[in-house]
Amino acid sequence: MEPIEQSGKPVVSKRIDGFFITVYAIFGFIGRFFRETLRRPFETREFLRQCFYIGNKSLPLITLTGFITGLVFTKQSRPSLAEFGATSWLPSLISIAIVRALAPLVTALICAGRVGSGIGAELASMKVTEQIDAMEVSAVHPFRYLVVTRVLACVVCLPLLMCYNGLIALVGAFVDVHLNEQTSMDTFIQNAFTNISFLDLAASLLKALVYGFTIGIVSCYQGFHAARGTEGVGKSANVSVVASMFLIFIEEVIIVQLVNTIR
């Protein structure tokens, strides 16, 4: 994320001071989000519009990616299991990989690229054209209308998209297993969910919620702090994607470590 410019003599150095000022601004932005979320009125119509944009508009890409993920992962896993004569373990192996890791991570990366860049560019263009300032004059609270609704929409829609992505990935895996081992649907489902625990489902849901919040808050922050005209719009969209993906991978490592500790 781009450091916020500071004036006067730096305390340590300009770059280090800018880093800590930016961190302070980010946490202040997050704190403001939680404060504004609890205040009324809530922008229900804008929230639903963002849910439609984030959820429904992402379905074609999520469907294609999920199906290919399940199909390809199954094809890649078969030779290794075939060496030990354990191809019957394919449904269980694939379902564990999809539920625990692939579904939340793939969904988050797709949404970071599609939704994150869109939110960052949209808010940045509104910022540089002074539309956000005009909203304050027209008695519309810009932070609540633009930021709260988008972040909450990401938090709500990403778990739903994750579940859909996981389901489609399992369909892709079943197609490959059925074509090669002639496994029936009932047998595949029974074997796939034998080793899936409640902790696996809860951990994936937690990941999706955290990833959704990360994508929403990072994109909104970048858009709300855009500068330098059209150059700032492009930079906000780009940084929204890169920063969101970077944080998602860090959060993935942390959550996996926590879950493995509990497990």
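Values in this document were obtained by computation on a predicted structure and should not be read as measured data.
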Evaluate Leu109 against Met245 for side chain to side chain contact (heavy atoms under 4.5 Å, CB included), listing each step before the verdict.
CA-CA 6 Å; Leu109 294 178; Met245 289 184 175; 3.9 Å; yes
Could you please spell out the steps behind the side chain to side chain contact (heavy atoms under 4.5 Å, CB included) verdict for His225 and Lys127?
CA-CA 8 Å; His225 293 83; Lys127 178 70 174 180; over 6 Å; no
Check the pair Trp89 / Asn191 against side chain to side chain contact (heavy atoms under 4.5 Å, CB included), numbers first and verdict last.
CA-CA 8 Å; Trp89 284 89; Asn191 293 337; over 6 Å; no
Please report the C-alpha distance between Thr74 and Ser77 in whole Å, then the side-chain angles of each, then the deciding distance to 0.1 Å, and finally whether the side chain to side chain donor-acceptor pair (under 3.5 Å) criterion is met.
CA-CA 5 Å; Thr74 306; Ser77 302; over 6 Å; no
Please assess Leu205 against Cys163 for the test side chain to side chain contact (heavy atoms under 4.5 Å, CB included), listing each intermediate value before the final yes or no.
CA-CA 9 Å; Leu205 179 61; Cys163 294; over 6 Å; no
Audit row: Glu181, Arg78, salt bridge (charged side-chain N to carboxylate O under 4.0 Å, His left out) steps and yes/no:
CA-CA 11 Å; Glu181 280 87 27; Arg78 175 175 284 101; 3.0 Å; yes
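Annotation: side chain of Leu90 is in contact with side chain of Leu81 (closest heavy-atom distance under 4.5 Å). Side-chain contact between Arg100 and Val259: absent, with no pair of heavy atoms (C-beta onward) separated by less than 4.5 Å. Considering only heavy atoms from C-beta on, Glu252 comes within 4.5 Å of Lys207 through its side chain. Leu59 places a side-chain heavy atom less than 4.5 Å from the side chain of Asn56. Side-chain contact between Cys157 and Cys51 is present, with heavy atoms from C-beta onward closer than 4.5 Å. Residues Met185 and His178 are not in side-chain contact: their nearest non-hydrogen atoms beyond the backbone lie 4.5 Å or more apart. Counting heavy atoms from C-beta outward, Thr107 and Pro159 have side chains that stay 4.5 Å or more apart. Residues Thr187 and Ser184 form a side-chain contact, since some pair of their non-hydrogen atoms from C-beta on lies under 4.5 Å apart.
The ring pair (Phe, Tyr, Trp, His ring centres under 6.0 Å) pairs that include a residue from residues 47-78 are Phe42-Phe47, where partners are two or more places apart or lie in different chains. Among residue pairs with one or both ends in residues 22-34, none qualify as salt bridge (charged side-chain N to carboxylate O under 4.0 Å, His left out); sequence neighbours excluded.
Side-chain atoms of Ser236 come within 3.5 Å of backbone N or O of Gln222 as a donor-acceptor pair. Asp200 places a side-chain N or O within 3.5 Å of a backbone atom of Ser197 that can act as its donor or acceptor partner. Ser204 contributes a side-chain N or O that, together with a main-chain N or O of Val99, makes up a donor-acceptor pair within less than 3.5 Å. Distance alone, capped at 3.5 Å, places no donor-acceptor pair between the Asn238 side chain and the Gly234 backbone. Counting only distance, with no hydrogens or angles, the side chain of Ser219 and the backbone of Gly216 share no donor-acceptor pair below 3.5 Å.
Scanning both residues, Val156 and Leu160, for their nearest heavy atoms gives O-CG, 3.6 Å. Contact record, Val241 with Ala112: CG2-O, 3.4 Å, taken as the closest heavy-atom pair. Val233 and Val128 make their closest contact through CG2-CG2, 3.9 Å (heavy atoms, listed as atom of the first residue, atom of the second, distance). Of all the heavy atoms in Val115 and Cys154, the pair that sits closest is CG1-SG, 4.1 Å. In this structure, Leu179 and Gln182 approach most closely via the heavy-atom pair O-NE2, 3.2 Å. Minimum interatomic distance between Ile119 and Cys220 (heavy atoms only, all atoms of both residues): CG2-SG, 3.9 Å.
Under the 4.5 Å side-chain contact rule for hydrophobic residues, Val218 and Tyr211 do not share a cluster. Neither Ile215 nor Phe33 shares a network with the other; the hydrophobic side chains, linked directly or stepwise wherever heavy atoms of I, L, V, M, F, W or Y lie under 4.5 Å apart, form separate groups for each. Linking ILVMFWY residues whenever their side-chain heavy atoms come closer than 4.5 Å, directly or via other members, places Leu102 and Ile96 in the same cluster. When hydrophobic clusters are built by joining Ile, Leu, Val, Met, Phe, Trp and Tyr residues whose side-chain heavy atoms come closer than 4.5 Å, directly or via intermediates, Ile217 is not grouped with Ile255. By the criterion of side-chain heavy atoms lying less than 4.5 angstrom apart, applied directly or through intervening Ile, Leu, Val, Met, Phe, Trp or Tyr residues, Val253 is not grouped with Leu258; the two fall into different hydrophobic clusters.
Salt bridge status for Glu43 with Arg49: absent, with no side-chain N to carboxylate O gap under 4.0 Å.
Residue Val256 belongs to no hydrophobic cluster, having no ILVMFWY side-chain heavy atom closer than 4.5 Å to its own. Applying the under-4.5 Å side-chain rule to Ile, Leu, Val, Met, Phe, Trp and Tyr, the cluster around Leu167 consists of that residue alone.
Checked against the 6.0 Å centroid criterion, the rings of His141 and Tyr145 do not qualify as a close aromatic pair. If you look at Phe213 and Phe34, their ring centroids are closer than 6.0 Å. Centroid-to-centroid, the aromatic rings of Phe143 and Phe224 come within less than 6.0 Å.
A distance of 11.5 Å separates NZ of Lys75 from CD1 of Ile94, quoted to the nearest 0.5 Å. With rounding to the nearest 0.5 angstrom, the OG1 atom of Thr261 is 4.5 Å from the CD atom of Gln257. From Ser240, atom OG reaches atom OH of Tyr221 across 11.5 Å, with rounding to the nearest 0.5 Å. How far CG of Leu170 is from CD1 of Ile98: 4.5 Å, rounded to the nearest 0.5 Å. With values rounded to the nearest 0.5 angstrom, Leu71 atom CG is found 10.5 Å from Gln76 atom CD. Atom-to-atom distance recorded for Leu161:CG and Cys111:SG is 5.0 Å, nearest 0.5 angstrom.
A donor and an acceptor atom, one from each side chain of Ser92 and Asn195, are located under 3.5 Å apart.
Qualifying side chain to side chain contact (heavy atoms under 4.5 Å, CB included) partners for Thr65, counting only residues two or more places apart in sequence or in other chains: Leu61, Thr69, Val106, Ile110. Under the rule for a side chain to side chain contact (heavy atoms under 4.5 Å, CB included), the partners of Leu64 that lie at least two apart in sequence or sit in another chain are Ile68.
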